[in-house]
Asks: 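Handing you a structure now.
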2 protein chains.
Amino acid sequence: MATTPRSMMDPAALDAVDAGCPARRLLGRLAERWTGLVLVVLADGREKRFSEVAREIGNISPKMLSQTLRGLERDGLVERRANGGPGGRPVYRVSPLGAEMMEPLGALSGWAYANREALDRAREQYDATPRSEAPAPIA
Amino acid sequence: MATTPRSMMDPAALDAVDAGCPARRLLGRLAERWTGLVLVVLADGREKRFSEVAREIGNISPKMLSQTLRGLERDGLVERRANGGPGGRPVYRVSPLGAEMMEPLGALSGWAYANREALDRAREQYDATPRSEAPAPIA
DNA sequence: CCGTATCCAATGGGATACTG
DNA sequence: CAGTATCCCATTGGATACGG
C-alpha cells in the first residue's frame, strides 16, 4: 500500500484561495452536521418522504433536516418531487449528479474506514503526548 | 458517465449515527476552514516551515495555522519534525498516511472540479427559483 | 521565528412552537 | 404530514498581543 505519491493532488481541483473552489464548496457541504447521514439514508436510491428520512436518522430536528435537504438540493445532489408520494406528498431522492458523486465520496469514506485503525492510533498517540494541556478536540 | 449506482456507498464506511464513524471524522476535519488549503500547500511533499506555509496561504492567522496543523497532525495526516529545518527549526510535511489519503481526496476534488459547471448550474437554478426569500446560502 | 493566550464577532446547530 | 419561525447556546474563526 501507500503508493508513493507523485503529484498527490490535481492542483486545478484544489487550487483554491477558497472562495470559488468547487472542491471546497463540496467538502463544506459534506461536512455539515447532517449531510452525510441524509446521503446515506438516500443512498439506496429510493424516494423517501420528509418524515421517512427523519425517522431513519432518528434524532434530527425538522429544522435541520429541512436545511440539510435544501442544501443538497441547491447543489443538485438531491431532487425533490413535489407530488411523488402517496397523498401527493413530496419525496426526495439522490439526483443522477448525486449518484455520480457517491462513487468518489464512497472511495474517500471507504479509505477512512479501511484506515480507521491507523487514524485511531494516530489520535491516541497524539493525545497521549502531553503538549501541555487539552491539545485538539474533535470527537 | 453516470455509471448506474447499485449500492452507491459502502454502508460500513458511512454507517454512522455520527460519533465514531471514521468517515465523518475525516470529512469534518477536511471541512475546517483552512485544512484543505494547508493540505494543498503541503501536497508537493516538501517539508515546510510554519512561516512558509503561512506565506503560501497568504492570509491565515498564526492561531488558525497552528490549530489546523495540529488537527492534521492529530489524525496522523501531517508530521512535524522538530529540528528538520535550517537553524534547527520545526518542519511540516504530509505523512505516508496523509499521502495515501490524497488519492481518494483528489478523486473527490477532481470530481467536483470536473462537474463544477453542473454544480454551478444547479445552484443558479435553485437560487433563481424564489421559494419565498433567501433560500440557502453557503458561498 | 514559532508559536500560545486572550478577547470578540459570527456562525451553526438544537429545542420548540406554530402554520399550510 | 411537511415544513417555517424563533430563540438561544455552543462552537468556530479572526485580530492582536505576548512569550520561548
Side-chain angles (χ1 to χ4, degrees), chain A residues 17-19 24 27-38 47-74 78-93 130-139, chain B residues 17-19 24-25 27-38 47-74 78 80-93 130-139:
Chain A
V17 186
D18 38 314
R24 270 202 81 75
L27 256 359
R29 186 67 79 195
L30 291 176
E32 286 170 11
R33 183 72 178 79
W34 299 104
T35 301
L37 274 313
V38 169
E47 294 184 327
K48 303 191 180 180
R49 287 178 297 124
F50 191 89
S51 55
E52 283 187 278
V53 179
R55 182 166 29 78
E56 289 192 39
I57 290 181
N59 56 338
I60 188 173
S61 73
K63 171 191 162 185
M64 289 316 294
L65 180 54
S66 172
Q67 210 169 285
T68 303
L69 283 169
R70 285 193 286 121
L72 287 168
E73 206 190 334
R74 186 176 194 242
V78 161
E79 285 170 355
R80 178 201 145 119
R81 265 205 312 155
N83 299 329
R89 302 202 174 280
V91 286
Y92 297 88
R93 63 172 166 186
R131 213 148 300 278
S132 69
E133 224 47 51
I138 197 187
Chain B
V17 186
D18 35 315
R24 271 203 78 77
R25 276 217 311 149
L27 256 358
R29 186 68 77 197
L30 291 175
E32 284 169 13
R33 181 75 178 81
W34 298 105
T35 300
L37 275 312
V38 169
E47 292 185 329
K48 303 189 180 181
R49 286 177 299 125
F50 190 90
S51 56
E52 284 186 277
V53 179
R55 183 165 27 79
E56 289 192 40
I57 290 182
N59 56 338
I60 188 174
S61 73
K63 171 190 163 187
M64 289 315 296
L65 179 54
S66 172
Q67 211 168 285
T68 301
L69 283 170
R70 284 194 287 121
L72 286 167
E73 206 190 335
R74 184 156 114 113
V78 161
R80 178 197 142 122
R81 268 206 310 155
N83 298 329
R89 302 203 175 278
V91 285
Y92 298 87
R93 64 173 165 186
R131 213 148 300 277
S132 69
E133 223 47 51
I138 197 186

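So you know, we letter chains A, B, ... as the sequences are listed, proteins then strands, and number each from 1.
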Asks: In whole Å, what is the span from the CG atom of A:Asn83 to the P atom of D:dC1?
Replies: 18 Å

Asks: Does C:dG12 have OP1 or OP2 sitting under 4.0 Å from an N or O in the side chain of A:Trp34?
Replies: no

Asks: Between A:Ser66 and D:dT4, is there a contact of a side-chain N or O with OP1 or OP2 at under 4.0 Å?
Replies: yes

Asks: Compare every heavy atom of B:Arg81 with every heavy atom of B:Glu47, then report the nearest pair and how far apart it is.
Replies: OE2-NH2, 2.7 Å

Asks: How long is the line joining CZ of B:Arg80 and C1' of C:dT4, in whole Å?
Replies: 12 Å

Asks: Side-chain N or O of A:Ser61 versus OP1/OP2 of C:dA15: is the shortest distance under 4.0 Å?
Replies: no

Asks: Might you point out which heavy atoms bring A:Ala31 and B:Gly28 nearest each other, and give the distance in Å?
Replies: CB-CA, 4.3 Å

Asks: Is the closest side-chain heavy-atom distance between A:Glu56 and A:Lys48 below 4.5 Å?
Replies: yes

Asks: Could you please name the option among D:dG3, C:dG13, D:dC1 that lies closest to any side-chain atom of A:Glu32?
Replies: C:dG13

Asks: Can you tell me how far C1' of C:dG13 sits from CD of A:Gln67, to the nearest Å?
Replies: 8 Å

Asks: Between B:Pro90 and A:Met64, who's closer to the 5' end of DNA chain C by nearest nucleotide?
Replies: B:Pro90

Asks: What integer distance in Å separates A:Glu47:CD from D:dC1:C1'?
Replies: 17 Å

Asks: To the nearest Å, how far apart are B:Leu65 CG and D:dA15 C1'?
Replies: 15 Å

Asks: DNA chain D: A:Pro62 or A:Arg89, which has the more 5' nearest nucleotide?
Replies: A:Arg89

Asks: Measure from CG on B:Leu69 to P on C:dC2 and round the result to the nearest Å.
Replies: 11 Å

Asks: Does a side-chain N or O of B:Arg33 approach OP1 or OP2 of C:dT11 to a distance below 4.0 Å, or not?
Replies: no

Asks: At less than 3.5 Å, do the side-chain atoms of A:Lys63 and the base atoms of D:dG3 form a donor-acceptor pair?
Replies: no

Asks: Please state how far atom CD1 in B:Ile57 lies from atom P in C:dC2, giving the value in whole angstrom units.
Replies: 14 Å

Asks: What distance separates B:Ile57 CD1 from B:Met64 CE, expressed to the nearest 0.5 Å?
Replies: 10.5 Å

Asks: From OH of B:Tyr92 over to C1' of C:dC1, roughly how many Å is that when rounded to an integer?
Replies: 12 Å

Asks: Do B:Ile60 and B:Arg33 make a side-chain contact, defined as non-hydrogen atoms from C-beta onward lying under 4.5 Å apart?
Replies: no

Asks: Looking only at side-chain N and O atoms, does A:Arg49 come under 4.0 Å of OP1 or OP2 in D:dG3?
Replies: no

